[in-house]
Amino acid sequence: MFAGRYLWWMLMGIGIFMFATLSLDYITWLTIQLSGCGEMAGTCEPALRLISGVLKPACIWTAIGVLFMATLLRLHALSLIWFWGPIVAIWFVASTPILLFLADAAALTQSATLAALPVAFLFLAAFAAYLMFALEDGDMLPLAASVPLRLTLRLTAVYGALAGAAFMPELSRIAGTLLDMPALSIVIALAQPYLQTVLTIGTGSMAPAYAVLAAFIAALAASLLPHAAAPQPSRSTIMLRRLRR
């Protein structure tokens with residue numbers, strides 16, 4: 001998936017999510033007003049159940065699926081799927097609770113949002129923004145500007161994935177339910193506090209995680225410099241490369 005198509009699908013997924021978050025509540029209110037079911041107790045239940053209980057969750061999960069698949073296809077097009085695919089998958093799983101939280105417009109306050117915001121979501125947002133650049137149009141491979149830079153990106157990304165797994169309270173329940181292994185839930189629940197201690201260097205603060213996030217963003221920005229400095233190929237050259245792919 002090329003950068004323009006990736007951007008289009010990401011905007012499409014964000015649009016579906018924003019529609020479910022901001023518009024469906026007004027559609028529900030408008031439906032009640034036009035149908036007049038509010039005048040009789042209990043007659044609005046089928047419409048409310050359909051919109052809030054079926055349509056809204058379906059739109060939210062569709063948006064998450066579109067964002068996830070678009071990112072994986074973009075990584076596949078850049079030949080980065082084998083390492084970055086599992087990392088991105090962990091980031092998405094760790095970010096799902098905040099996406100579901102943001103979908104509840106009534107709970108959106110600045111303090112509550114910041115308290116629920118996982119560091120894995122910030123890693124994911126930074127990486128998704130990086131993938132929007134036309135990395136395939138240059139002569140250098142994406143995320144491969146230099147060995148130290150590539151190593152920094154991979155180490156910080158692994159840290160972000162571990163942080164996403166360590167600070168996700170629902171992980172033990174989700175893993176045990178999906179895999180039908182209650183013992184796995186217990187193991188994950190017992191391991192998470194130790195992993196949190198290691199990742200926060202025993203401080204119990206998220207400052208180390210944010211420092212690693214800053215290093216990850218800086219490394220992503222630095223990896224773009226060779227692409228910006230390299231001479232841009234002609235339009236015919238770009239089209240020829242795409243036809244060959």
Side-chain angles (χ1 to χ4, degrees), residues 1 5-32 44-77 80-81 84-109 112-132 157 160-161 163-182 184-185 188-189 192:
M1 182 178 288
R5 194 176 300 169
Y6 171 71
L7 177 60
W8 189 89
W9 278 108
M10 293 298 284
L11 292 177
M12 181 66 67
I14 294 173
I16 296 173
F17 183 83
M18 296 298 291
F19 169 77
T21 303
L22 302 177
S23 300
L24 278 181
D25 292 336
Y26 295 102
I27 293 175
T28 303
W29 175 84
L30 183 61
T31 301
I32 293 175
C44 293
E45 286 298 324
L48 292 175
R49 193 179 301 113
L50 175 63
I51 297 175
S52 300
V54 178
L55 185 58
K56 186 172 184 177
C59 288
I60 292 171
W61 285 108
T62 298
I64 294 174
V66 168
L67 296 173
F68 179 62
M69 291 305 301
T71 305
L72 290 186
L73 289 174
R74 176 66 172 154
L75 291 173
H76 177 73
L80 300 172
I81 189 68
W84 290 97
I87 297 292
V88 166
I90 295 174
W91 287 343
F92 262 99
V93 171
S95 301
T96 299
I98 187 62
L99 294 176
L100 298 178
F101 176 77
L102 292 175
D104 185 6
L108 286 182
T109 62
T113 302
L114 292 177
L117 191 65
V119 69
F121 178 77
L122 302 177
F123 275 90
L124 177 61
F127 192 64
Y130 171 82
L131 293 178
M132 293 180 185
F167 293 98
M168 183 180 178
E170 301 88 352
L171 180 62
S172 60
R173 178 181 57 83
I174 293 174
T177 302
L178 291 179
L179 299 177
D180 194 20
M181 297 176 61
L184 180 62
S185 298
I188 293 176
Q192 278 183 318

Undergrad: For the pair Phe127 and Trp91, name the ring-plane relationship: parallel under 30°, tilted 30 to 60°, perpendicular over 60°.
TA: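 Geometry flag for Trp91 against Phe127: perpendicular rings.
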Undergrad: Would you say that more than 12 heavy atoms from the other residues, nucleotides or ligands in this model lie under 6.0 Å from the CE of Met18, or not?
TA: no
Undergrad: Could you walk me through whether Met10 and Thr71 satisfy the side chain to side chain contact (heavy atoms under 4.5 Å, CB included) test, starting with their C-alpha distance in whole Å, then the side-chain angles of each, then the deciding distance to 0.1 Å, before giving a yes or no?
TA: CA-CA 8 Å; Met10 293 298 284; Thr71 305; 4.0 Å; yes
Undergrad: Any side-chain heavy atom of Met168 sitting closer than 4.5 Å to one from Pro97?
TA: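 Yes. Closest side-chain heavy atoms under 4.5 Å.
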Undergrad: For residues Ser95 and Leu124, report the shortest heavy-atom separation together with the two atoms involved.
TA: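 Reported closest heavy-atom pair: OG-CD2, 3.9 Å.
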Undergrad: Please list, chain by chain and in numerical order, all residues satisfying side chain to side chain contact (heavy atoms under 4.5 Å, CB included) with Ala165, sequence neighbours excluded.
TA: Leu171
Undergrad: Excluding sequence neighbours, so at least two apart, what forms side chain to side chain contact (heavy atoms under 4.5 Å, CB included) with Val66?
TA: Trp9, Thr62
Undergrad: Taking side chain to side chain contact (heavy atoms under 4.5 Å, CB included) as the test, write out the residues that go with Leu55, two or more places apart.
TA: Leu24, Cys59
Undergrad: Residues two or more places apart in sequence or in another chain: which of them pass ring pair (Phe, Tyr, Trp, His ring centres under 6.0 Å) with Phe92?
TA: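 With sequence neighbours excluded, Phe92 shows a ring pair (Phe, Tyr, Trp, His ring centres under 6.0 Å) to Phe68, given in chain and number order.
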Undergrad: Just do the side chain to side chain contact (heavy atoms under 4.5 Å, CB included) check on Tyr6 and Leu75 with the steps written out, would you?
TA: CA-CA 10 Å; Tyr6 171 71; Leu75 291 173; over 6 Å; no
Undergrad: Sequence neighbours left out, what passes side chain to side chain contact (heavy atoms under 4.5 Å, CB included) with Ile60? Give chain and number order.
TA: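 Side chain to side chain contact (heavy atoms under 4.5 Å, CB included) check on Ile60 returns Phe17, Ala20, Lys56, Ile64, Leu100, Ala103.
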Undergrad: Identify the two heavy atoms, one from Ile90 and one from Ala161, that lie closest to each other, and give their separation to 0.1 Å.
TA: CG2-O, 3.4 Å
Undergrad: Quick check for you: to the nearest 0.5 Å, what is the distance between Ile14 atom CD1 and Leu67 atom CG?
TA: 6.0 Å
Undergrad: Search all heavy atoms of Ala120 against all heavy atoms of Ala94 and return the closest pair with its distance.
TA: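 In terms of heavy atoms, the two residues are closest at CB-CB, 3.7 Å.
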Undergrad: Identify the heavy atoms of Ile98 and Pro118 that sit nearest to each other, and give their distance.
TA: CB-CD, 3.6 Å
Undergrad: Are any non-hydrogen side-chain atoms of Phe121 and Leu99 less than 4.5 angstrom apart?
TA: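 Counting from C-beta outward, Phe121 and Leu99 do come under 4.5 Å.
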